[in-house]
**Student:** 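This is the structure I want to talk about, given as structure tokens.
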Amino acid sequence: MSKELAKQYDPKGIEDRLYQKWMQGGYFHAKVNPDKKPFTIVMPPPNVTGQLHMGHALDNTMQDILTRYKRMQGYEALWQPGTDHAAIATEVKVTNMLKDQGIDKHEIGREKFLEYCWQWKDEYGSRILKQLQKLGSSADWSRERFTMDEGCSKAVEEVFCRLYEKGWIYKGNRIINWCPKCQTSLSDAEVEHVDQDGFFWHINYPIVGEPGRFVEIATTRPETLLGDTAVAVNPDDERYQDLIGKMLKLPLTDREIPVIADEYVDKEFGTGCVKITPAHDPNDFEVGKRHNLEEINILNDDATMNDRCGKYAGMDRYEARKAMVSDLEKQGLLVKVVPHTHAVGTHDRCHTTVEPMIKPQWFVRMKEMGEAAQKALDTGDLKFVPESYGKTYTHWLDNIRDWCISRQLWWGHRIPAYYCDDCGELVVQRGGAPSKCPKCGGTHFTQDPDTLDTWFSSALWPFSTLGWPDKTPEMDYFYPTDVLVTGYDIIFFWVIRMVFSGIEQTGKTPFHHVLIHGLVRDSQGRKMSKSLGNGIDPLEVIDQYGADALRLTLMTGNAPGNDMRFYWEKVEASRNFANKIWNASRFIMMNLGDAVLPETMEASALAAPDRWILHTVNNLAREVTENMDKYELGIAVQKIYDFIWEEFCDWYIEMAKPRLYKDDTDEKLPVLWTLRTVLSEALRLLHPFMPFITEEIYCTLNPDEETIMIAPWPEYTNEYEFPEEAEGVELIKDAIRGVRNIRTELNVSPGRRLTHLYIVSEDERIRSMFERGMTVLVGLAHAEKAIIQETRDGIGDDALSAVLPGATLYIPFGDLVDRDKEFARLTKESERLKKEVKRCEGMLGNERFLTKAPADKVQQEKDKLEKYRQMLDQVGTRLAQMQK
RNA sequence: GGAAACAUAGCUCAGCUGGGAGAGCAUCUGGGUCACAACCAGAAGGUCAUGGGUUCGAGCCCCGUUGUUUCCACCA
């Protein structure tokens with residue numbers, strides 16, 4: 001590879017080439033390795049039908065950063081990838097595709113339909129993973145899994161049978177959420193409650209045997225009236241004591257229903273009388289159970305009225321509502337209609353209003369497993385980042401109900417339950433249908449037609465992908481995993497179910513940390529969505545600015561759990577940063593030329609600025625590592641960014657230039673060595689965040705290195721600890737800034753004459769450093785060229801003139817600086833110092849601080865106080881002088 | 001109805017266990033400078049929503065208020 005780099009960084013071509021190189025090098029592959037500690041992340045499996053969106057980009061960037069970081073630290077880092085069959089989402093898509101071709105799924109039948117699904121999966125299943133690769137994802141693709149592959153299916157069957165045998169999976173007639181459009185049951189989590197404007201219809205139910213007397217009920221769903229089997233009042237409601245036990249005539253029918261008393265009824269709400277429809281309302285269902293009421297189903301699966309509904313049979317539920325309300329009105333039973341807003345359950349995929357229905361379904365008992373999941377959080381075995389999401393988790397678990405896992409879909413894991421064709425006996429078992437019925441000896445069986453909720457299989461993902469239920473080396477080594485990265489929107493669906501499944505099946509919490517991120521929104525804060533058309537395609541961003549720029553954009557200035565907005569300007573800023581590194585590296589490599597540098601360098605050979613920058617990058621490594629370990633990725637990358645751009649490029653490289661331009665090669669060695677060393681360190685710190693550009697530069701800079709991916713993560717070392725130089729250079733920087741301020745203030749430009757350099761700081765040490773002619777001052781040469789030129793024939797100072805010809809140390813009040821301004825500045829400075837002194841005195845006067853704070857911190861404060869007092873003295877003296 | 005989060009510069013957002021209010025973008029000024037104009041140097045801009053409290057000291061901790069957002073929820 002040549003050391004000649006283009007003037008501007010162009011990620012195109014480079015990224016794909018490097019990714020190929022990584023793949024071929026096998027760097028993503030993690031294997032069981034007893035010599036190393038494992039680090040594992042399971043990738044939330046994207047839907048096979050999915051298309052990469054910003055959410056994926058964020059989620060996977062974070063995982064890639066953590067994986068690359070740990071890999072560099074010497075862990076055997078496994079990022080386990082795969083895809084999810086996404087039962088209903090895929091089934092809907094395939095169904096629609098077939099519909100477009102004029103094919104009806106029921107006509108072609110289950111087998112044929114599944115063939116289409118697999119075809120679809122083969123076609124699109126790897127697309128999303130390819131897209132993830134464009135991001136630079138370093139997942140172990142050789143271990144790619146699919147929730148419906150052989151191994152995962154085996155795990156699903158095993159878990160189902162175990163839970164069944166334990167009695168925690170049962171089949172029951174229960175009221176469930178039914179989507180009339182998708183014709184399947186839904187779990188509670190799949191139901192979205194949406195506020196809708198509706199009405200309260202107040203209807204009179206005549207009391208049997210008491211003509212002219214009515215009970216007035218209020219309902220939002222009059223069409224369910226035909227399924228009423230009682231009217232309930234609160235047992236403590238004085239108004240209705242006499243009604244309890246009486247019979248009512250159900251309007252529009254010939255039936256008579258009782259008035260019952262139940263705690264569930266709120267006296268204050270509506271009329272205090274509630275019609276009870278056990279077959280079509282979850283609460284009424286419970287009430288019905290308590291009072292042994294009949295459950296009358298009045299709806300077909302597509303939410304039309306069924307044949308028990310007389311003249312309304314065949315009508316859609318909303319048509320029927322209209323017709324019935326109109327009929328009630330005609331009969332004079334409609335009292336009034338009151339507008340009312342209420343939350344209506346809708347299917348989160350198709351947004352159809354969900355219909356509560358009684359259906360035979362399979363359920364998982366949640367009590368014990370829910371408690372175990374809660375315990376994991378309570379004991380600290382499981383931690384959320386940020387912590388507050390633990391409350392969300394707990395709240396959900398507190399209110400958990402049994403999980404309806406059966407779906408009336410074809411695409412998914414079929415329930416391993418078989419019914420004897422002869423006697424109907426139910427057998428649940430592994431490995432296909434039984435050969436003989438244990439009850440009647442029959443040999444023909446029919447498998448339950450239902451499939452499992454898609455989350456049933458994803459709940460097993462952290463261990464099914466590692467070979468469970470078989471005892472595999474991978475299970476022993478990589479499980480439990482370390483951290484799960486996901487969005488807050490999926491805590492209920494997925495995180496909780498993985499936790500309790502992991503604990504129940506493996507005895508271990510499947511991961512110890514859950515790193516939660518927010519949503520990527522558009523620049524106006526709206527959710528990105530297809531219908532709004534405001535989604536931004538990550539691939540387009542990558543194409544225009546590169547994956548590194550996209551990754552940096554997603555990571556900077558974002559705290560865990562918080563939503564962020566997407567701005568193209570931010571991407572540009574990220575791209576600019578990439579370009580900055582590129583050019584700094586270009587400059588360094590240009591200067592390195594063919595120079596042969598030693599591996600290490602004696603500290604004594606290094607100049608103050610060299611020591612300062614080494615000190616700074618060394619401490620940066622420590623801080624960044626701490627941030628990474630706390631999952632503060634945004635803070636970590638911000639620090640790296642600031643270091644590279646400001647400290648390294650704007651200060652150190654500028655300071656280095658005068659030395660680089662000397663002819664003596666030997667003299668150049670320390671500075672060249674420092675440039676290369678610090679750049680290497682910085683690139684390694686940055687690599688997890690911006691893998692491509694760091695790889696490209698690192699390998700050009702160090703031709704012997706194969707890749708930065710497995711270069712060691714920088715560790716803090718005492719060797720590079722140079723506190724004195726660090727402080728000294730910081731003071732010099734202050735001084736230089738002061739010079740620049742004055743220059744700006746005086747509007748010095750070529751052609752004007754400036755004979756004095758002004759040092760702003762009153763600090764004695766700065767002056768002494770100038771007097772000692774510290775080599776660091778050569779750093780002024782570049783940035784302050786204009787001044788240097790102008791001061792060439794100024795008053796000479798021996799020490800300074802070596803580095804700044806003609807410059808002199810001079811604290812002027814008269815000719816160059818506005819007296820009033822200077823006086824005002826000093827006054828302000830004096831105020832600030834007084835405040836600082838007061839703060840230090842406060843701290844040092846506080847016993848709690850003195851006893852509790854670490855000794856070095858106390859000393860630090862003492863030093864500060866001393867310093868501030870001195871400075872205050874000096875400023876005071878100067879002010880006094882000026883007042884004269 | 002319950003819960004949570006948020007409110008910091010013109011905009012978007014960082015700010016770890018209390019001790020210097022910060023970044024990017026935008027604005028203004030100066031600069032064609034031999035890595036980079038996708039740049040450099042500098043400036044301006046904030047009563048950290050509001051009212052109390054704890055503390056020597058609060059953007060940070062506690063309580064109230066206002067505003068925004070999100071999640072959960074069976075009030076017919």
**Student:** Please measure how far the P atom in B/A5 lies from the corresponding atom in B/U12, and state the result in whole Å.
**Tutor:**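 Here B/A5 and B/U12 have their P atoms 22 Å from each other.
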**Student:** What is the distance, to the nearest angstrom, from the CH2 atom on A/Trp651 to the P atom on B/C40?
**Tutor:**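 Taking atom P of B/C40 as the reference, CH2 of A/Trp651 is at 13 Å.
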**Student:** Are any of the side-chain nitrogens in A/Glu841 or A/Lys838 under 4.0 Å away from the carboxylate oxygens of its partner?
**Tutor:** no
**Student:** Tell me which donor-acceptor pairs under 3.5 Å the side chains of residues 640-649 of chain A have, and how far apart each pair is, sequence neighbours excluded?
**Tutor:**
from: A/Asp642; atom 1: OD1; to: A/Gln638; atom 2: NE2; distance (Å): 3.4
from: A/Glu647; atom 1: OE1; to: A/Lys733; atom 2: NZ; distance (Å): 2.7

**Student:** Is any side-chain N of the basic residue among A/Asp10 and A/Lys12 closer than 4.0 Å to the acidic one's carboxylate O?
**Tutor:**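 Answer for the salt bridge query: no.
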**Student:** Can you tell me how far P of B/A38 sits from CG of A/Asn579, to the nearest Å?
**Tutor:**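 Rounded to the whole Å, the gap is 9 Å.
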**Student:** Touch check for A/Trp645, heavy atoms < 4.0 angstrom, all strands: base, sugar-phosphate only, or nothing?
**Tutor:** sugar-phosphate
**Student:** Please assess A/Glu861 against A/Lys864 for the test salt bridge (charged side-chain N to carboxylate O under 4.0 Å, His left out), listing each intermediate value before the final yes or no.
**Tutor:** CA-CA 5 Å; A/Glu861 289 301 324; A/Lys864 268 192 203 167; 3.6 Å; yes
**Student:** Is there any salt bridge (charged side-chain N to carboxylate O under 4.0 Å, His left out) pair reaching into residues 270-284 of chain A, and which pairs are they, with sequence neighbours excluded?
**Tutor:** A/Asp228-A/Lys275
**Student:** Distance check needed: B/C13 C1' versus A/Leu554 CG, whole Å only.
**Tutor:** 14 Å
**Student:** Rounding to a whole Å, what distance do you find between A/Leu672:CG and B/A35:P?
**Tutor:**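 To the nearest whole Å, that distance equals 14 Å.
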**Student:** Does a side-chain heavy-atom distance below 4.5 Å link A/Pro386 with A/Ile516?
**Tutor:**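 Yes, side chains in contact.
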**Student:** Heavy atoms under 4.0 Å, any strand shown: does A/Ala573 hit a base, just sugar-phosphate, or nothing?
**Tutor:** sugar-phosphate
**Student:** Side-chain donor or acceptor of A/Lys580 under 3.5 Å from a matching atom on the base of B/C36?
**Tutor:**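 Side chain to base: pair present.
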**Student:** In whole angstroms, how far is the P atom of B/C39 from the CD atom of A/Glu646?
**Tutor:** 13 Å
**Student:** Within a strict 4.5 Å, meaning less than it, do heavy atoms of the A/Val837 and A/Leu865 side chains meet?
**Tutor:**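 Yes - at least one pair of side-chain heavy atoms lies under 4.5 Å apart.
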**Student:** Take atom P in B/U65 and the same atom in B/G2, then report the distance between them in whole Å.
**Tutor:**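 Looking at atom P only, B/U65 and B/G2 are 13 Å apart.
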**Student:** Which of these nucleotides, B/C40, B/A35, B/A14, is closest to any side-chain atom of A/Asp650?
**Tutor:** B/C40
**Student:** Sequence neighbours left out, what passes side chain to side chain contact (heavy atoms under 4.5 Å, CB included) with A/Gln8? Give chain and number order.
**Tutor:**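 Applying side chain to side chain contact (heavy atoms under 4.5 Å, CB included) to A/Gln8 gives A/Asn579.
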**Student:** Take atom C1' in B/G67 and the same atom in B/U50, then report the distance between them in whole Å.
**Tutor:** 10 Å
**Student:** With respect to the phosphate group of B/A14, does any side-chain polar atom (N or O) of A/Asn562 fall under 4.0 Å of OP1 or OP2?
**Tutor:** yes
**Student:** Listed by chain and number, what are the salt bridge (Lys or Arg N to Asp or Glu O under 4.0 Å) partners of A/Glu223, not counting sequence neighbours?
**Tutor:** A/Arg221, A/Arg321
**Student:** Can you confirm whether A/Lys639 is buried at NZ, in the sense that more than 12 heavy atoms of other residues, nucleotides or ligands lie under 6.0 Å from that atom?
**Tutor:**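 Yes, the 6.0 Å shell around NZ holds more than 12 heavy atoms from other groups.
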**Student:** Mind checking the P distance from B/A41 to B/A4? Whole angstroms is fine.
**Tutor:** 46 Å
**Student:** Round to a whole Å and report the spacing from CG of A/Leu519 to C1' of B/A5.
**Tutor:**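 Going from A/Leu519 (CG) to B/A5 (C1'), I get 14 Å.
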**Student:** Donor-acceptor pair, distance only, cut-off 3.5 Å: does the side chain of A/Asn234 make one with the backbone of A/Asp266?
**Tutor:** no
**Student:** Hey, which of these two, A/Asn591 or A/Tyr641, hits RNA chain B nearer its 5' end, going by closest nucleotide?
**Tutor:**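 Its nearest nucleotide being more 5', the pick is A/Tyr641.
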**Student:** To the nearest Å, give me how far apart CZ (A/Phe643) and C1' (B/A23) are.
**Tutor:** 18 Å
**Student:** What nitrogen or oxygen pairs link the protein and nucleotides 17-22 of chain B at under 3.5 Å?
**Tutor:**
from: B/G19; atom 1: O2'; to: A/Arg839; atom 2: NH1; distance (Å): 3.1
from: B/G20; atom 1: OP2; to: A/Arg839; atom 2: NE; distance (Å): 3.2

**Student:** Measuring only the C1' atom in each nucleotide, how far is B/A9 from B/G46? A whole number of Å is fine.
**Tutor:**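 Those two atoms are separated by 5 Å.
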**Student:** Quick one: does A/Glu623's side chain have a donor or acceptor within less than 3.5 Å of a partner on A/Leu620's backbone?
**Tutor:** no
**Student:** With P as the reference atom in both, quote the distance from B/A23 to B/G18 in angstrom, rounded to an integer.
**Tutor:**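 Here B/A23 and B/G18 have their P atoms 24 Å from each other.
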**Student:** Tell me the interatomic distance from A/Gln638, atom CD, to B/A23, atom P, rounded to whole angstroms.
**Tutor:**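 Value for this atom pair: 9 Å.
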**Student:** How would you label the contact of A/Cys840 with the nucleic acid (heavy atoms, under 4.0 Å): base, sugar-phosphate, or nothing?
**Tutor:** nothing
**Student:** Distance check, P atoms only: B/G22 and B/G31, in whole angstrom units.
**Tutor:**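 Result for the P pair: 29 Å, nearest Å.
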**Student:** Which nucleotides of nucleotides 69-76 of chain B have their base under 4.0 Å from a protein heavy atom (B), which only their sugar-phosphate (S), and which neither (-), written as one string 5' to 3'?
**Tutor:** --SS-BBB
**Student:** Taking Watson-Crick (N1-N3 plus N6-O4 or O6-N4) and G-U wobble (N1-O2, O6-N3), each under 3.5 Å, can you produce the dot-bracket string of RNA chain B? Use [ ] for crossing pairs and | for inter-strand ones.
**Tutor:** (((((((..((((.....[..)))).(((((.......))))).....(((((..]....))))))))))))....
**Student:** Could you list the protein-to-nucleotides 10-12 of chain B atom pairs, N/O on both sides, closer than 3.5 Å?
**Tutor:**
none

**Student:** Tell me, please, which residues at least two apart from A/Arg565 pass salt bridge (Lys or Arg N to Asp or Glu O under 4.0 Å).
**Tutor:**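 Expected list: none.
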**Student:** Select one nucleotide: of B/A35, B/A5, B/C16, the one nearest the side-chain heavy atoms of A/Phe587.
**Tutor:**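 Of B/A35, B/A5, B/C16, B/A35 is nearest to the side chain of A/Phe587.
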**Student:** May I have all residue pairs that pass salt bridge (charged side-chain N to carboxylate O under 4.0 Å, His left out) and include part of residues 515-526 of chain A, sequence neighbours excluded?
**Tutor:**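 Output for this query lists A/Arg521-A/Asp563, A/Asp522-A/Arg526.
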**Student:** Suppose you measure atom C1' in B/C39 against the same atom in B/G45; what distance do you get, rounded to whole Å?
**Tutor:**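 Taking atom C1' in both B/C39 and B/G45, they lie 24 Å apart.
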**Student:** Enumerate the salt bridge (charged side-chain N to carboxylate O under 4.0 Å, His left out) contacts for residues 335-345 of chain A, please, sequence neighbours excluded, ordered by first and then second residue.
**Tutor:** none
**Student:** Under the side chain to side chain donor-acceptor pair (under 3.5 Å) test, which residues partner A/Ser523, sequence neighbours left out?
**Tutor:** none
